[in-house]
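Working notes, structure below.
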Amino acid sequence: MIGSEEELAAVVADADGPLSVRGGGTRGFAGAGEVLSVAGLSGITLYEPGALTMVAQAGTPVAEIEAALAKENQRLAFEPMDHRGVVGSTGTPTIGGVFAANVSGPRRISVGAARDFLLGVRFVDGQGSIVKNGGRVMKNVTGYDLVKLMAGSFGTLGVLSEVSFKVLPRPETQGALVLHGLDDAAAVAAMSRAMGSPFEVSGAGYDPETRRAVLRLEGFEDSVSYRLAQVQDVLRSQVSEMSVMTAEDSTAYWDGARDVAAFHGAEGDVWRVSCKPSDAPGLAQAAGAEAHLYDWAGGLIWLRMAAGCDLRARLGVFDGHATLIRADEATRARLGVFQPEAPGVAKLTAGLRKRFDPRGIFNTGLMDAAA
């Protein structure tokens, strides 16, 4: 296990074959090669609550980050998912892994993705050089924006050693408006209307099995109560039956929605489809899934499919992408984890990889299209 950034750089520089970059190993898939764990690069190196910024080594457990923030009544705004339940993996989620995979939960629709809160990075490139980009404040950049580039690259461009990021205050309370008796199309229409209102909905999800859509609102108690009533008025012409969740029930519901708790322990492959909300009902119907759930007001669909099913073939061409989150190794090898890139994008991706990892040693094959 790597213990310092300098040791990490030396190991990469001396590598004579592919390296499978790992943090906590909770997402259940990685590239080929010798395991290169950065879990030993752990610890919060700087926290300035007044400036809403934190700096931590990449292997720092997310739980440690969240505990430190909670003491100051702050939080990670983008609500990162814990993949262990849905994937069936072990390990410990790390902050470097969160940013490397751009892991963003239900609150993404209101505050942005993980990459939007990443201020600076330190990483080791494919030649063993230590690279630093960004800092502890938001600013414009010229040339490569390496901060944004590293977020979502899944360790294929470099190995993160340290990240600095923005945090936000924790709201006083939350509540949720439940919309009952809706089908998929009606639920997406209602959620979209709520998101278009001025009342700051911070979560919008739908479960077809229960025919319930749930809208979350956060903030000061009086504000939440007022806005819940206003959203009800906005939706009254579309939804005949509505109820309000307590803060405790809302918290429990959205924790489960974040981690896709409904699919924990269930059989079948799990797919994650990002799409235009207006396309979601049609895509869900075309998928023929054993079960599906909506998040991001329909912009994200979680689907539980029969094992080995080629969801991308069923969906055909659409404005979005389908990622295979859970499947056996044979299915992953046959279908690939990630949506194949358009030719122009693939050319840009290959160019970036050649620039940052000229030897092609980081997470080989992980983001490549299936053969």
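For reference, positions follow the sequence shown, starting with 1.
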Discussion item. The test is salt bridge (Lys or Arg N to Asp or Glu O under 4.0 Å); show your working for Arg107 and Glu218 and say whether it passes.
Written reply: CA-CA 10 Å; Arg107 203 175 289 113; Glu218 300 173 290; 3.1 Å; yes
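- Using a distance-only test at 3.5 Å, with no hydrogens or angles considered, a donor-acceptor pair links the side chain of Thr45 to the main chain of Val55.
- Considering CD1 of Ile109 and OG of Ser202, their distance stands at 7.5 Å, rounded to 0.5 Å.
- A distance-only check finds no donor-acceptor pair linking the side chain of Tyr253 to the backbone of Val214 [under 3.5 Å].
- Using a 4.5 Å heavy-atom threshold, the side chains of Arg353 and Thr349 count as touching.
- Of the possible polar contacts, none joining the Asp125 side chain to the Phe356 backbone as a donor-acceptor pair under 3.5 Å is found.
- No single ILVMFWY cluster, assembled from side-chain heavy atoms under 4.5 Å apart, contains both Val147 and Val38.
- Side-chain heavy atoms closer than 4.5 Å link hydrophobic residues (I, L, V, M, F, W, Y) into clusters, and following such links, possibly through other members, connects Tyr294 to Val273.
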Item to complete: Test Gln339 against Thr323 for side-chain contact (heavy atoms from CB on, under 4.5 Å), laying out the working first.
Response: CA-CA 6 Å; Gln339 183 90 20; Thr323 305; 5.9 Å; no
Worksheet item: Checking ring-ring contact (aromatic ring centres under 6.0 Å, His included) for the pair Phe338/Phe154: CA distance, chi angles, key distance, verdict?
Response: CA-CA 11 Å; Phe338 298 96; Phe154 287 84; 4.9 Å; yes
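- A donor-acceptor contact closer than 3.5 angstrom is absent between the side chains of Glu221 and Tyr226.
- Between the CH2 atom of Trp271 and the CZ atom of Arg314 there is a distance of 10.5 Å, given to the nearest 0.5 Å.
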Item to complete: Would you please test Gln74 and Tyr47 for side-chain hydrogen bond (donor to acceptor under 3.5 Å, both in side chains) and show each step?
Response: CA-CA 11 Å; Gln74 296 179 347; Tyr47 178 28; 2.5 Å; yes
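- Ion pairing between a basic and an acidic side chain is recognised when a charged N comes within 4.0 Å of a carboxylate O; Arg312 and Asp310 show no such pairing.
- Summarising the geometry, atom CD1 belonging to Ile44 is positioned 4.0 Å from atom CD1 belonging to Ile65; distances are rounded to the nearest 0.5 Å.
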Worksheet item: Could you go step by step and tell me if Arg272 and Ser274 meet the side-chain hydrogen bond (donor to acceptor under 3.5 Å, both in side chains) rule?
Response: CA-CA 7 Å; Arg272 180 183 186 273; Ser274 179; 5.7 Å; no
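- Taking the side chain as every heavy atom from C-beta outward, Val178 and Met242 never approach each other to under 4.5 Å.
- Arg193 and Ser237 share a donor-acceptor pair across their side chains, judged by distance under 3.5 Å alone.
- Here the closest heavy-atom approach between residue Thr251 and residue Gln174 is recorded as OG1-NE2, 3.2 Å.
- Aromatic rings from Phe99 and Phe117 are positioned such that their centres are separated by 6.0 Å or more.
- In this structure the side chain of Glu290 never reaches within 4.5 angstrom of the side chain of Phe263, judged on heavy atoms.
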Item to complete: Take Ile361 and Val12, measure what side-chain contact (heavy atoms from CB on, under 4.5 Å) needs, and give me the verdict at the end.
Response: CA-CA 9 Å; Ile361 62 173; Val12 172; 4.1 Å; yes
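- The neighbour count for Gln230 CD, taken as heavy atoms of other residues, nucleotides or ligands under 6.0 Å away, is above 12.
- Counting only distance, with no hydrogens or angles, the side chain of Asn363 and the backbone of Thr156 share no donor-acceptor pair below 3.5 Å.
- Checked by atom type and distance alone, the side chain of Ser250 never pairs as donor or acceptor with a backbone atom of Ala247 at under 3.5 Å.
- At least one side-chain heavy atom of Leu76 sits less than 4.5 Å from a side-chain heavy atom of Val62.
- Side-chain N or O atoms of Glu64 include none that pairs as donor or acceptor with a backbone N or O of Thr60 at under 3.5 Å.
- The number of heavy-atom neighbours closer than 6.0 Å to CG of Asp222, taken from other residues, nucleotides and ligands shown, is 12 or below.
- More than 12 heavy-atom neighbours from other residues, nucleotides or ligands sit within 6.0 angstrom of CD on Glu7.
- Partner Val124 forms a side-chain contact (heavy atoms from CB on, under 4.5 Å) with one of Val11, Val131, Ile130 and no other, that one being Ile130.
- Under a hydrophobic-cluster definition in which Ile, Leu, Val, Met, Phe, Trp and Tyr are linked whenever side-chain heavy atoms come within less than 4.5 Å, directly or via other members, Leu293 and Met245 are assigned to different clusters.
- In this structure, Leu157 CG and Phe362 CZ are separated by 9.5 Å, a value rounded to the nearest 0.5 Å.
- A continuous path of Ile, Leu, Val, Met, Phe, Trp and Tyr side chains, each step under 4.5 Å between heavy atoms, connects Ile301 with Leu335, placing both in one hydrophobic cluster.
- Looking at heavy atoms from C-beta onward, Arg212 lies out of side-chain contact with Asp207 at the 4.5 angstrom threshold.
- Under the 3.5 Å distance criterion, the side-chain polar atoms of Arg326 are matched with a main-chain donor or acceptor of Val86.
- The side-chain heavy atoms of Gln232 and Leu177, taken from C-beta on, include a pair separated by under 4.5 Å.
- Annotation: the span from Glu162 atom CD to Leu160 atom CG amounts to 10.5 Å, rounded to 0.5 Å.
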Practice prompt. Let me see the working for Leu118 and Val163 under side-chain contact (heavy atoms from CB on, under 4.5 Å), right down to the final yes or no.
Written response: CA-CA 7 Å; Leu118 190 59; Val163 292; 3.9 Å; yes
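- Nearest heavy atom pair, residue Arg332 against residue Ile325, reads NH2-O, 3.5 Å.
- When every heavy atom of Gly308 is checked against every heavy atom of Thr331, the shortest pair comes out as CA-OG1, 3.7 Å.
- Across all non-hydrogen atoms, the minimal contact from His264 to Asp259 is NE2-O, 2.8 Å.
- Closest approach of Gly175 to Val224, counting heavy atoms only: N-CG1, 3.8 Å.
- Put simply, Val159 and Val103 are part of two different groups of oily side chains (I, L, V, M, F, W, Y) that touch within less than 4.5 Å, one to the next.
- Counting heavy atoms from C-beta on, the side chains of Ser104 and Asn102 come closer than 4.5 Å.
- To the nearest 0.5 Å, the span separating CZ on Phe29 from CE on Met367 amounts to 9.0 Å.
- More than 12 heavy atoms of other shown residues, nucleotides or ligands fall within 6.0 angstrom of atom CD in Gln238.
- In this structure, the side chain of Thr364 engages the main chain of Gly360 through a donor-acceptor pair within 3.5 Å.
- Between the side chains of Ser89 and His83, no donor-acceptor pair is found at a separation under 3.5 Å.
- A salt bridge between Arg122 and Glu5 is present, with a side-chain N of the basic residue lying under 4.0 Å from a carboxylate O of the acidic one.
- Looking at heavy atoms from C-beta onward, Leu228 lies out of side-chain contact with Phe199 at the 4.5 angstrom threshold.
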Item to complete: Check the pair Asp295 / Trp254 against side-chain contact (heavy atoms from CB on, under 4.5 Å), numbers first and verdict last.
Response: CA-CA 10 Å; Asp295 201 349; Trp254 286 104; 4.2 Å; yes
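- In terms of modelled atom types and a separation under 3.5 Å, the side chain of Arg84 and the main chain of Gly91 share a donor-acceptor contact.
- Nearest heavy-atom pair, Cys309 versus Asp269, reported as atom, atom and distance to 0.1 Å: N-OD2, 4.1 Å.
- Formation of a donor-acceptor pair under 3.5 Å by the Ser42 side chain with backbone atoms of Ala39 is not found in this model.
- Salt bridge status for Arg258 with Glu79: absent, with no side-chain N to carboxylate O gap under 4.0 Å.
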